[in-house]
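See below for the structure under consideration.
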4 protein chains.
Amino acid sequence: MGGPTRRELQKQERRNQLLDTARGLFAAQGVEGTTIKDIADAAGVAQGLLYHYFASKEDLLWAIIARDNPFTDMSEIMSNAGDRPAREVLLQASLRAYQILAERAELFRIVVREFITRPEMRQGFKMIQAIALGLLTRYLEARIAAGELRPHNPDVTARMLIGAVLAGHLTGRPAEPYLAEVVDTLMEGIAAA
Amino acid sequence: MGGPTRRELQKQERRNQLLDTARGLFAAQGVEGTTIKDIADAAGVAQGLLYHYFASKEDLLWAIIARDNPFTDMSEIMSNAGDRPAREVLLQASLRAYQILAERAELFRIVVREFITRPEMRQGFKMIQAIALGLLTRYLEARIAAGELRPHNPDVTARMLIGAVLAGHLTGRPAEPYLAEVVDTLMEGIAAA
Amino acid sequence: MGGPTRRELQKQERRNQLLDTARGLFAAQGVEGTTIKDIADAAGVAQGLLYHYFASKEDLLWAIIARDNPFTDMSEIMSNAGDRPAREVLLQASLRAYQILAERAELFRIVVREFITRPEMRQGFKMIQAIALGLLTRYLEARIAAGELRPHNPDVTARMLIGAVLAGHLTGRPAEPYLAEVVDTLMEGIAAA
Amino acid sequence: MGGPTRRELQKQERRNQLLDTARGLFAAQGVEGTTIKDIADAAGVAQGLLYHYFASKEDLLWAIIARDNPFTDMSEIMSNAGDRPAREVLLQASLRAYQILAERAELFRIVVREFITRPEMRQGFKMIQAIALGLLTRYLEARIAAGELRPHNPDVTARMLIGAVLAGHLTGRPAEPYLAEVVDTLMEGIAAA
DNA sequence: CATGAATGAGGGTTCATTCAT
DNA sequence: AATGAATGAACCCTCATTCAT
């Protein structure tokens, strides 16, 4: 029987509140630049309380990443591509990725910043990238096999698309018409006929 | 008469030594994660000496950026494009950018990391990106006008190329054949004829 | 309900303990000559704790001054002069001032020392002196108006009395018979009849 | 035979320049608040040079005090009192003391500040005060014996005059008419006839 | 005589973490 | 569950002093 008790619910809420608060500050000031006191003050609690929910500041960081990790979300998207035209599928995937980046902008900033220098996090970064790359590459291979795309190295295409999406996000470009143009260019190339 | 004295030479050498040491540590551990003591120990000098050359840790960071800034280097490259085929020019530019990123990998890691969270540095970042984008965009416009490339939005192409170069660098891809494939894809597209 | 809780009481006690300890050391060695470690060690606490109670060493100094400031104490004295003979009132005021200087000798030493060189404190010094001078001057004016004292510039008399009290304190003269002689001289002069 | 050489003169000038520079900074910022670099920069020389002239910062402080000590100057004044009226002599002495305080204001500030907390300097302070007090007291005793002043404790009068002079100086009062009023009050008292 | 690079001890301050309440 | 007083290790930086040039 079951379900969470009232108390467990409150506990979850408090935990989420602390995660939200910490995520905002981490994104704005960096992990090193944010003190436990900052987080406690912003959340309106005492410093000590954070140690009831998280073993350390490091643990708090990992808890944020674990909770807001968007990968389960992403993997579904590519699975349902079916037989629609590649241009349409790639555009939809780009748009969705853009959307996720916007929604998770704070997490993204935290992760990029920390991944750059922390050796133990670089490992995780490679995994993440491999997943996204894998999803895309497998899709492209299927479309080449189906004859919709000309034979080429799909890994390169995947990296170009991901790079263009990231570059657009980082430089604040609106999704429209940028992503459509990217996909068009990818499909047709820029050489004069 | 003239020329740097022995003492001035030594001063420059010492200064460069400290900049090199700091750059390596900043890149490896982040600016926050590197202490003045770390740098002094690695350079084999006393902590106090750093303050003989740089007013503060912050000042030291800016001194690294100022010294290793690759912009003058980059702008020359696109100016000498002349009338060679676009495929060749874009590939050469990509290769050179890759090379610069490799040479300045440490600076690049430092800068990206710090730019992500420091507001005063974001400004600088936008400038940098605008320069690179501008160089590329102007070149593409010229080739469209010359009829070598089909009419399209060159800003998108520029971002795609930059994104692909950055993504390749960040994920440790060797330049060959990656960059050639990127440029080919950009020129011809991936759609089946 | 109400009143301070146990914890609030302890907080006040601890705060006062730290102020007492710091005051003693500041008086003995000067503010610059006293380190936070000195204070913490003397109080038997960790250095960090001082920053739980005071934002900085400077703040600690001001907190001592604020707590031990004798002005409310002093202003009452002159208000209750009533119609007693001036000789009696001036003597009583001198004695009381002497007493305060003795009680607050540490604060006094600190304040004089810091006021001499810190521009921002000189301001405060002028205010303090103006208050004491004002109290005395107003009293003397009233007694001149009442015909008890001969017409003269009361500001000068006030400064002479204050000067004599300070000089006596600084050179360690016992209050008796010094202050009585000072007041007598002030009342009668030293010229032969 | 004879006279300081050119080089010795230059040496003296340089020494005096350094003493002047240091005195100004010590007075303005306190001894602790002044760095050797401050002094060297203000004098336009290298830090190391100060150690050619003075063994340490402490030594530099004592050298200032030794050079600018005003006592020889002061003792002559009271010796030549002769038989002039006491009012005139006391006023002249007060004026001269005021003048000396003004001329030596910097030294005075330094000395007071350091004397307050340095045990080894308190000793010197007592000597100084004893000298001034002695000169004045002996003069007053002579005038009492001569019948010009009524019998009283001259030590008290001396302290009152010194106190009034110091208080006036510290609070920035102009010499005129303050000192004349002080001497008048001292001579005649403030009681109504 | 003069320079200023170099040292190294120590200062004020910060902050993640602990623990009695 | 929640508080916040208390700790102590480090951090950035300062500065009197030394010494090779």
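What's counted below: heavy atoms across the whole structure, side chains too, no hydrogens, waters or symmetry copies. Keep in mind it's a predicted model, so treat the numbers as computed, not measured. Convention: sequence-line order gives letters A, B, ...; per-chain numbering from 1.
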- request: Mind calculating the distance between CG (D:D41) and C1' (E:dG4) to the nearest angstrom?
  value: 11 Å
- request: Round to a whole Å and report the spacing from NZ of C:K11 to C1' of E:dT21.
  value: 15 Å
- prompt: Rounding to a whole Å, what distance do you find between C:I39:CD1 and F:dT7:P?
  reply: 15 Å
message: Can you confirm whether C:T35 sits close enough to C:L25 that some side-chain heavy atom of one is under 4.5 Å from a side-chain heavy atom of the other?
response: no
Under 3.5 Å side-chain donor-acceptor pair for C:S56 and C:D59: no
field: Qualifying residues under side-chain hydrogen bond (donor to acceptor under 3.5 Å, both in side chains), relative to A:Q47, sequence neighbours excluded
entry: none
message: Closer than 3.5 angstrom, by distance alone: can the side chain of C:K57 be matched with the main-chain N or O of C:T34 as a donor-acceptor pair?
response: yes
field: E:dA2 base / D:H52 side chain donor-acceptor hit below 3.5 Å
entry: yes
Cationic N near anionic O, under 4.0 Å, D:R23 to D:D68: yes
- prompt: What one-letter contact string describes nucleotides 13-18 of chain E from 5' to 3', where B marks a base within less than 4.0 Å of any protein heavy atom, S marks contact via sugar-phosphate atoms alone, and - marks no contact?
  reply: BBSSBB
task: Please state how far atom CD in B:Q29 lies from atom C1' in F:dC11, giving the value in whole angstrom units.
output: 14 Å
task: Find the distance between CZ (C:R104) and CD1 (C:I65) and round it off to the nearest 0.5 Å.
output: 13.0 Å
- request: Answer yes if the side chains of A:Q17 and A:R14 hold a donor-acceptor pair under 3.5 Å, and no otherwise.
  value: yes
- prompt: The side chain of A:A46 lies closest to which of these nucleotides: E:dT7, F:dA2, F:dG4?
  reply: F:dG4
field: Stems involving DNA chain F, each a run of at least 3 consecutive Watson-Crick or G-U pairs under 3.5 Å
entry: E:2-21 with F:2-21
- request: Round to a whole Å and report the spacing from CG of D:L50 to C1' of F:dC15.
  value: 13 Å
- prompt: CG/A:L19 to OH/A:Y53 distance, rounded to the nearest 0.5 angstrom?
  reply: 11.0 Å
message: What contact category does B:F54 fall into here, base, sugar-phosphate, or nothing, at under 4.0 angstrom with non-hydrogen atoms?
response: nothing
- request: Inspect the contact between D:D20 and D:R67 and indicate whether a charged nitrogen and a carboxylate oxygen are less than 4.0 angstrom apart.
  value: yes
message: Output the rounded distance in Å from CZ (D:R15) to C1' (E:dC1).
response: 16 Å
- request: Please check the phosphate of F:dA6 (OP1 and OP2 only) for any side-chain N or O of C:R14 closer than 4.0 Å.
  value: yes
